[in-house]
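Hydrogens, waters and symmetry mates are skipped; everything else that's a heavy atom, side chains included, is used. Keep in mind that this is a model prediction, so the values were computed, not measured.
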Amino acid sequence: MCATCGCSGNGHQLKTLLPVQKPGAFAGLTLDRQVVQPTEVQSEIPAVRVQTPPPPVKTLVELERDILDKNKRMAERNRGFFEARNIRAINLVSSPGSGKTALLERTLAEQAGKEQFYVIEGDQQTTRDAERIAAGGAPVVQINTGKGCHLEADMVHQAIRELQPATDSVVFIENVGNLVCPSMFDLGESRRVVVISVTEGEDKPIKYPDMFHTADLCVINKIDLLPYLKFDVEQLKEYARQVNPKLEFLEVSATTGAGMDGWYAWLSQSWQ
Ligand SMILES: Nc1nc2c(ncn2[C@@H]2O[C@H](COP(=O)(O)OP(=O)(O)OP(=O)(O)O)[C@@H](O)[C@H]2O)c(=O)[nH]1
Ligand SMILES: [Mg+2]
(Lines give C-alpha, C1' and ligand atoms only; values in the text may rest on other atoms or scores of the structure.)
(Ligands and ions follow the chains in the order given, each with its own letter.)
Protein backbone atom coordinates (compact mmCIF):
# COMPACT_ATOMS: atom_id res chain seq x y z
CA MET A 1 0.00 0.00 0.00
CA CYS A 2 1.17 3.50 -0.69
CA ALA A 3 0.00 5.53 2.28
CA THR A 4 1.45 8.62 0.71
CA CYS A 5 -0.82 8.70 -2.31
CA GLY A 6 -3.58 6.44 -1.06
CA CYS A 7 -3.17 3.84 -3.79
CA SER A 8 -3.49 0.38 -2.32
CA GLY A 9 -1.61 -2.40 -4.06
CA ASN A 10 -3.82 -5.49 -4.18
CA GLY A 11 -0.78 -7.71 -4.74
CA HIS A 12 1.53 -7.40 -7.70
CA GLN A 13 2.24 -10.07 -10.31
CA LEU A 14 5.49 -11.02 -11.98
CA LYS A 15 5.61 -12.40 -15.51
CA THR A 16 8.83 -13.53 -17.13
CA LEU A 17 8.85 -13.27 -20.90
CA LEU A 18 11.43 -15.20 -22.86
CA PRO A 19 13.19 -13.14 -25.51
CA VAL A 20 11.90 -13.83 -29.01
CA GLN A 21 13.06 -12.85 -32.47
CA LYS A 22 9.64 -12.28 -34.05
CA PRO A 23 7.43 -9.48 -32.76
CA GLY A 24 4.24 -10.74 -31.24
CA ALA A 25 5.24 -14.33 -30.57
CA PHE A 26 6.35 -14.66 -26.99
CA ALA A 27 6.44 -17.43 -24.46
CA GLY A 28 5.62 -16.54 -20.89
CA LEU A 29 5.94 -18.00 -17.47
CA THR A 30 3.41 -16.65 -15.02
CA LEU A 31 4.33 -16.42 -11.39
CA ASP A 32 1.08 -15.26 -9.92
CA ARG A 33 1.16 -14.72 -6.20
CA GLN A 34 -1.58 -16.44 -4.30
CA VAL A 35 -2.93 -14.99 -1.13
CA VAL A 36 -3.68 -17.77 1.32
CA GLN A 37 -6.37 -16.91 3.82
CA PRO A 38 -5.86 -18.26 7.34
CA THR A 39 -8.22 -21.19 8.04
CA GLU A 40 -9.93 -21.80 11.32
CA VAL A 41 -8.44 -24.77 13.19
CA GLN A 42 -10.93 -26.85 15.17
CA SER A 43 -9.55 -27.64 18.60
CA GLU A 44 -10.88 -29.72 21.47
CA ILE A 45 -8.91 -27.76 24.01
CA PRO A 46 -11.25 -25.31 25.75
CA ALA A 47 -10.63 -21.80 24.66
CA VAL A 48 -8.90 -19.52 27.12
CA ARG A 49 -9.69 -15.86 26.84
CA VAL A 50 -6.46 -13.89 27.01
CA GLN A 51 -6.69 -10.15 27.36
CA THR A 52 -4.15 -8.60 25.01
CA PRO A 53 -3.64 -4.87 24.84
CA PRO A 54 -4.91 -3.33 21.60
CA PRO A 55 -2.17 -2.69 19.01
CA PRO A 56 -0.94 0.88 19.03
CA VAL A 57 -2.76 3.03 16.51
CA LYS A 58 -0.33 4.46 13.98
CA THR A 59 -0.70 7.83 12.42
CA LEU A 60 -0.60 8.20 8.65
CA VAL A 61 2.85 9.79 8.93
CA GLU A 62 4.13 6.78 10.94
CA LEU A 63 2.65 4.35 8.41
CA GLU A 64 4.25 6.23 5.55
CA ARG A 65 7.62 6.24 7.36
CA ASP A 66 7.35 2.47 7.98
CA ILE A 67 6.66 1.80 4.30
CA LEU A 68 9.50 3.99 3.10
CA ASP A 69 11.93 2.54 5.72
CA LYS A 70 11.09 -1.02 4.66
CA ASN A 71 11.51 -0.04 1.03
CA LYS A 72 14.84 1.66 1.76
CA ARG A 73 16.24 -1.51 3.40
CA MET A 74 15.31 -3.63 0.38
CA ALA A 75 16.65 -0.95 -1.98
CA GLU A 76 20.04 -1.17 -0.25
CA ARG A 77 20.06 -4.95 -0.82
CA ASN A 78 19.36 -4.39 -4.51
CA ARG A 79 22.07 -1.73 -4.69
CA GLY A 80 24.58 -4.09 -3.07
CA PHE A 81 23.71 -6.77 -5.62
CA PHE A 82 24.19 -4.35 -8.52
CA GLU A 83 27.43 -2.89 -7.19
CA ALA A 84 28.96 -6.30 -6.45
CA ARG A 85 28.43 -7.30 -10.08
CA ASN A 86 29.26 -3.91 -11.62
CA ILE A 87 25.73 -3.76 -13.04
CA ARG A 88 24.40 -0.37 -14.18
CA ALA A 89 20.78 -0.31 -13.02
CA ILE A 90 18.71 2.53 -14.46
CA ASN A 91 15.32 3.52 -13.11
CA LEU A 92 13.33 5.19 -15.92
CA VAL A 93 10.56 7.42 -14.61
CA SER A 94 8.12 9.68 -16.44
CA SER A 95 4.49 10.49 -17.00
CA PRO A 96 2.58 7.92 -19.11
CA GLY A 97 3.49 7.90 -22.79
CA SER A 98 6.65 10.04 -22.73
CA GLY A 99 8.45 7.30 -24.68
CA LYS A 100 10.26 5.15 -22.10
CA THR A 101 9.58 1.88 -23.91
CA ALA A 102 10.30 3.46 -27.31
CA LEU A 103 13.67 4.66 -25.95
CA LEU A 104 14.44 1.15 -24.72
CA GLU A 105 13.34 -0.50 -27.97
CA ARG A 106 15.71 1.67 -30.01
CA THR A 107 18.51 1.24 -27.47
CA LEU A 108 18.20 -2.55 -27.54
CA ALA A 109 18.04 -2.60 -31.34
CA GLU A 110 21.10 -0.37 -31.80
CA GLN A 111 23.32 -1.44 -28.89
CA ALA A 112 22.56 -5.15 -28.55
CA GLY A 113 26.00 -6.33 -29.63
CA LYS A 114 27.82 -3.84 -27.40
CA GLU A 115 26.15 -4.35 -24.04
CA GLN A 116 24.18 -7.06 -22.31
CA PHE A 117 20.74 -5.69 -21.44
CA TYR A 118 17.98 -6.86 -19.08
CA VAL A 119 14.66 -5.10 -18.62
CA ILE A 120 12.15 -4.92 -15.79
CA GLU A 121 8.84 -3.47 -16.96
CA GLY A 122 6.42 -1.87 -14.50
CA ASP A 123 2.80 -1.20 -15.42
CA GLN A 124 -0.48 -1.43 -13.58
CA GLN A 125 -1.90 -3.85 -16.15
CA THR A 126 -0.97 -5.78 -19.31
CA THR A 127 2.27 -7.25 -20.65
CA ARG A 128 2.32 -4.94 -23.68
CA ASP A 129 5.63 -3.24 -22.87
CA ALA A 130 7.32 -6.54 -21.97
CA GLU A 131 6.15 -7.99 -25.28
CA ARG A 132 7.72 -5.04 -27.14
CA ILE A 133 11.00 -5.59 -25.29
CA ALA A 134 10.95 -9.39 -25.71
CA ALA A 135 10.45 -8.87 -29.44
CA GLY A 136 13.82 -7.10 -29.44
CA GLY A 137 15.49 -10.14 -27.91
CA ALA A 138 16.21 -8.94 -24.35
CA PRO A 139 15.33 -10.91 -21.21
CA VAL A 140 12.42 -9.12 -19.58
CA VAL A 141 10.16 -9.42 -16.55
CA GLN A 142 6.84 -7.61 -16.40
CA ILE A 143 5.61 -6.49 -13.00
CA ASN A 144 1.92 -5.61 -12.89
CA THR A 145 1.27 -3.46 -9.85
CA GLY A 146 -2.53 -3.70 -9.98
CA LYS A 147 -3.83 -0.62 -8.17
CA GLY A 148 -0.30 0.38 -7.17
CA CYS A 149 1.05 3.43 -8.98
CA HIS A 150 4.79 2.82 -8.64
CA LEU A 151 7.39 0.06 -8.36
CA GLU A 152 8.85 -0.82 -4.97
CA ALA A 153 12.24 -2.27 -4.13
CA ASP A 154 10.94 -5.72 -3.16
CA MET A 155 9.21 -6.07 -6.56
CA VAL A 156 12.50 -5.27 -8.27
CA HIS A 157 14.26 -7.73 -5.96
CA GLN A 158 11.95 -10.53 -7.13
CA ALA A 159 12.43 -9.54 -10.76
CA ILE A 160 16.23 -9.59 -10.36
CA ARG A 161 16.01 -13.12 -8.97
CA GLU A 162 14.11 -14.13 -12.10
CA LEU A 163 16.43 -12.35 -14.53
CA GLN A 164 19.79 -13.24 -12.90
CA PRO A 165 21.59 -10.40 -14.72
CA ALA A 166 25.21 -11.00 -15.68
CA THR A 167 28.23 -9.10 -14.37
CA ASP A 168 28.95 -5.79 -16.19
CA SER A 169 25.45 -5.71 -17.74
CA VAL A 170 22.81 -2.97 -17.88
CA VAL A 171 19.45 -3.45 -16.14
CA PHE A 172 16.72 -1.05 -17.21
CA ILE A 173 13.80 -0.65 -14.84
CA GLU A 174 10.85 1.05 -16.56
CA ASN A 175 8.72 2.42 -13.74
CA VAL A 176 4.95 2.89 -13.84
CA GLY A 177 4.08 6.03 -15.83
CA ASN A 178 3.46 8.57 -13.06
CA LEU A 179 5.33 11.77 -12.22
CA VAL A 180 4.52 11.67 -8.50
CA CYS A 181 4.83 8.49 -6.42
CA PRO A 182 7.77 6.71 -8.15
CA SER A 183 9.98 9.60 -6.99
CA MET A 184 9.60 8.49 -3.36
CA PHE A 185 10.60 4.86 -3.83
CA ASP A 186 14.30 4.08 -4.10
CA LEU A 187 14.65 0.81 -6.03
CA GLY A 188 18.38 0.46 -5.40
CA GLU A 189 19.14 1.80 -8.86
CA SER A 190 22.53 3.21 -9.83
CA ARG A 191 20.99 6.15 -11.67
CA ARG A 192 17.53 7.63 -12.05
CA VAL A 193 16.52 8.99 -15.44
CA VAL A 194 13.44 11.14 -15.88
CA VAL A 195 12.06 11.13 -19.42
CA ILE A 196 9.92 14.09 -20.48
CA SER A 197 8.47 14.52 -23.94
CA VAL A 198 8.08 17.88 -25.61
CA THR A 199 4.29 17.49 -25.76
CA GLU A 200 4.01 17.69 -21.96
CA GLY A 201 4.80 21.37 -21.39
CA GLU A 202 7.97 22.97 -20.06
CA ASP A 203 6.56 23.61 -16.58
CA LYS A 204 6.50 19.98 -15.42
CA PRO A 205 9.73 20.26 -13.34
CA ILE A 206 8.24 22.97 -11.13
CA LYS A 207 4.82 21.27 -10.95
CA TYR A 208 6.30 17.87 -10.07
CA PRO A 209 9.59 18.89 -8.41
CA ASP A 210 10.29 15.65 -6.49
CA MET A 211 10.67 13.67 -9.69
CA PHE A 212 13.20 16.11 -11.14
CA HIS A 213 14.93 16.69 -7.81
CA THR A 214 15.70 12.97 -7.39
CA ALA A 215 16.82 12.32 -10.99
CA ASP A 216 20.41 12.24 -12.29
CA LEU A 217 19.55 12.73 -15.95
CA CYS A 218 16.63 14.29 -17.81
CA VAL A 219 16.01 12.85 -21.27
CA ILE A 220 13.93 15.24 -23.37
CA ASN A 221 12.20 12.98 -25.90
CA LYS A 222 10.16 13.49 -29.09
CA ILE A 223 12.30 16.40 -30.31
CA ASP A 224 11.19 15.47 -33.85
CA LEU A 225 7.86 17.11 -32.92
CA LEU A 226 9.38 20.47 -31.93
CA PRO A 227 8.62 22.15 -35.29
CA TYR A 228 4.91 21.56 -34.69
CA LEU A 229 4.72 22.66 -31.06
CA LYS A 230 5.06 25.70 -28.86
CA PHE A 231 7.65 24.26 -26.50
CA ASP A 232 10.72 26.05 -25.16
CA VAL A 233 13.49 23.52 -24.42
CA GLU A 234 15.68 26.11 -22.65
CA GLN A 235 12.78 27.13 -20.42
CA LEU A 236 12.24 23.48 -19.44
CA LYS A 237 15.93 23.17 -18.50
CA GLU A 238 15.80 26.38 -16.49
CA TYR A 239 12.78 25.16 -14.51
CA ALA A 240 14.43 21.78 -13.95
CA ARG A 241 17.66 23.42 -12.70
CA GLN A 242 15.60 25.39 -10.19
CA VAL A 243 14.72 22.12 -8.44
CA ASN A 244 17.95 20.25 -9.23
CA PRO A 245 21.00 22.30 -10.24
CA LYS A 246 23.04 19.13 -10.89
CA LEU A 247 20.59 17.60 -13.37
CA GLU A 248 22.10 16.61 -16.72
CA PHE A 249 20.11 16.83 -19.99
CA LEU A 250 19.93 14.94 -23.26
CA GLU A 251 17.65 15.76 -26.19
CA VAL A 252 16.56 12.76 -28.25
CA SER A 253 13.96 11.34 -30.54
CA ALA A 254 13.33 7.66 -29.96
CA THR A 255 11.42 7.67 -33.25
CA THR A 256 14.03 9.18 -35.58
CA GLY A 257 17.13 8.29 -33.56
CA ALA A 258 18.28 11.91 -33.26
CA GLY A 259 20.50 12.48 -30.23
CA MET A 260 20.73 8.79 -29.34
CA ASP A 261 24.54 8.80 -29.53
CA GLY A 262 24.62 11.06 -26.48
CA TRP A 263 22.39 8.60 -24.63
CA TYR A 264 24.65 5.66 -25.53
CA ALA A 265 27.74 7.59 -24.41
CA TRP A 266 26.02 8.37 -21.09
CA LEU A 267 25.11 4.69 -20.66
CA SER A 268 28.62 3.44 -21.34
CA GLN A 269 30.44 5.78 -18.95
CA SER A 270 32.01 4.41 -15.78
CA TRP A 271 29.84 5.11 -12.74
CA GLN A 272 32.03 3.71 -9.99
N1 LIG B 1 6.98 11.51 -32.51
C2 LIG B 1 7.51 10.73 -31.55
N3 LIG B 1 6.74 9.83 -30.93
C4 LIG B 1 7.30 9.05 -29.99
C5 LIG B 1 8.66 9.17 -29.62
N6 LIG B 1 8.91 8.27 -28.63
C7 LIG B 1 7.76 7.65 -28.39
N8 LIG B 1 6.79 8.09 -29.20
C9 LIG B 1 5.38 7.65 -29.26
O10 LIG B 1 4.79 7.99 -28.01
C11 LIG B 1 3.84 6.97 -27.66
C12 LIG B 1 4.14 6.42 -26.28
O13 LIG B 1 5.40 5.77 -26.32
P14 LIG B 1 5.79 4.66 -25.26
O15 LIG B 1 7.18 4.24 -25.56
O16 LIG B 1 4.76 3.60 -25.19
O17 LIG B 1 5.74 5.52 -23.93
P18 LIG B 1 5.93 5.01 -22.43
O19 LIG B 1 6.57 6.13 -21.66
O20 LIG B 1 6.64 3.72 -22.42
O21 LIG B 1 4.43 4.82 -21.97
P22 LIG B 1 3.89 4.08 -20.63
O23 LIG B 1 4.68 2.84 -20.46
O24 LIG B 1 2.46 3.83 -20.93
O25 LIG B 1 4.09 5.06 -19.51
C26 LIG B 1 3.90 5.91 -28.75
O27 LIG B 1 2.88 6.17 -29.67
C28 LIG B 1 5.26 6.16 -29.38
O29 LIG B 1 5.32 5.77 -30.73
C30 LIG B 1 9.46 10.13 -30.30
O31 LIG B 1 10.66 10.32 -30.07
N32 LIG B 1 8.82 10.90 -31.26
MG1 LIG C 1 6.15 1.93 -21.51
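- Follow the hydrophobic side-chain contacts under 4.5 Å out from Leu229 and you never reach Tyr239; the two are in separate clusters.
- When every heavy atom of Asn244 is checked against every heavy atom of Ala215, the shortest pair comes out as ND2-O, 2.9 Å.
- Counting heavy atoms from C-beta on, the side chains of Val156 and Asn91 never come closer than 4.5 Å.
- Ion pair Lys237/Glu234 flagged as a salt bridge, since at least one NZ, NE, NH1 or NH2 atom sits closer than 4.0 Å to an Asp/Glu carboxylate oxygen.
- Just one residue in the list Val141, Thr127, Val119 forms a side chain to side chain contact (heavy atoms under 4.5 Å, CB included) with Ile133, and that residue is Val119.
- Looking only at side-chain heavy atoms (C-beta outward), Glu248 and Leu250 stay at 4.5 Å or farther from each other.
- Interatomic distance, CG of Asn178 versus OG of Ser95, reported as 9.0 Å (0.5 Å rounding).
- Taking hydrophobic clusters as Ile, Leu, Val, Met, Phe, Trp and Tyr residues chained together by side-chain heavy-atom distances below 4.5 Å, Phe82 shares a cluster with Leu163.
- With a 6.0 Å radius and a threshold of 12 heavy atoms from other residues, nucleotides or ligands, Arg77 has its CZ atom at or below the threshold.
- Taken from CG in Leu247 to CZ in Arg192, the straight-line distance is 12.0 Å, to the nearest 0.5 Å.
- Expressed to the nearest 0.5 Å, how far CD1 of Ile173 lies from CD1 of Ile90 amounts to 9.0 Å.
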TODO: Go through the steps for Leu17 and Glu131 under the test side-chain contact (heavy atoms from CB on, under 4.5 Å), then give the verdict.
DONE: CA-CA 7 Å; Leu17 274 67; Glu131 288 165 34; 3.8 Å; yes
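- Considering CD1 of Ile87 and CD1 of Ile160, their distance stands at 7.5 Å, rounded to 0.5 Å.
- With Met155 as reference, Thr145 is the one residue of Ile120, Thr145, Leu187 to meet the side chain to side chain contact (heavy atoms under 4.5 Å, CB included) rule.
- Here the shortest heavy-atom pairing between Gly259 and Val252 reads O-CG1, 3.5 Å.
- The list of ring-ring contact (aromatic ring centres under 6.0 Å, His included) pairs with a residue in residues 89-118, not counting sequence neighbours, reads Phe117-Phe172.
- Here the closest heavy-atom approach between residue Tyr264 and residue Gln111 is recorded as CD1-NE2, 3.2 Å.
- At least one donor-acceptor pair under 3.5 Å links the side chain of Gln142 to the backbone N or O of Ala130.
- Put simply, the side chain of Asn78 gets close to the backbone of Ala153: a donor and an acceptor are under 3.5 Å apart.
- Geometric assessment of Arg85 against the ring of Phe81 yields a positive cation-pi assignment under the 6.0 Å and 45° thresholds.
- With a 6.0 Å radius and a threshold of 12 heavy atoms from other residues, nucleotides or ligands, His213 has its NE2 atom at or below the threshold.
- Using a 4.5 Å cut-off on side-chain heavy atoms (C-beta onward), Leu103 and Met260 make contact.
- Looking at Leu217 and Trp263, their side chains come closer than 4.5 Å, going by heavy atoms from C-beta outward.
- Here the side chain of Asn221 pairs a donor or acceptor atom with the backbone of Ala254 at under 3.5 angstrom.
- Taken to the nearest 0.5 Å, the CD atom of Gln124 stands 9.5 Å off from the CG atom of Asn144.
- Residues Val93 and Thr214 fail the side-chain proximity criterion, which asks for heavy atoms closer than 4.5 Å.
- One finds no salt bridge joining Glu238 and Arg241 here, because no Lys/Arg side-chain nitrogen approaches an Asp/Glu carboxylate oxygen to under 4.0 Å.
- Val233 and Tyr208 fall within the same hydrophobic cluster, defined by Ile, Leu, Val, Met, Phe, Trp and Tyr side-chain heavy atoms under 4.5 Å apart, directly or through other members.
- In this structure, Lys70 NZ and Asp66 CG are separated by 10.0 Å, a value rounded to the nearest 0.5 Å.
- Heavy atoms only, all atoms of each residue included: Ala159 and Leu14 are closest at N-CD2, 3.9 Å.
- In this structure, Leu151 and Phe185 have side chains that are not in contact, with every pair of non-hydrogen atoms separated by 4.5 Å or more.
- Between Arg132 and Glu121 there is no salt bridge, since no side-chain N of the basic residue sits under 4.0 Å from a carboxylate O of the acidic one.
- The residues Lys100 and Asp129 are annotated as not salt-bridged, no charged nitrogen and carboxylate oxygen being separated by less than 4.0 angstrom.
- Judged by distance alone, the side chains of Ser268 and Glu115 never bring a donor and an acceptor atom under 3.5 Å apart.
- If you check the side chains of Asn71 and Asp186, you find no donor sitting under 3.5 Å from an acceptor.
- Heavy-atom minimum distance, Arg106 versus Thr255: NH2-O, 2.8 Å.
- A donor-acceptor pair under 3.5 Å links the side-chain atoms of Gln164 to the main chain of Arg161, judged by distance alone.
- Of all heavy-atom pairs between Leu108 and Ala138, the closest is CD1-CB, 3.8 Å.
- In this view, Ser197 and Ser98, Thr199, Glu200, Lys222 satisfy the side chain to side chain contact (heavy atoms under 4.5 Å, CB included) rule, not counting sequence neighbours.
- Ser253 and Asp224 share a side-chain donor-acceptor pair at under 3.5 Å.
- Val194 and Ile223 end up in the same hydrophobic cluster when Ile, Leu, Val, Met, Phe, Trp and Tyr side chains are linked at under 4.5 Å.
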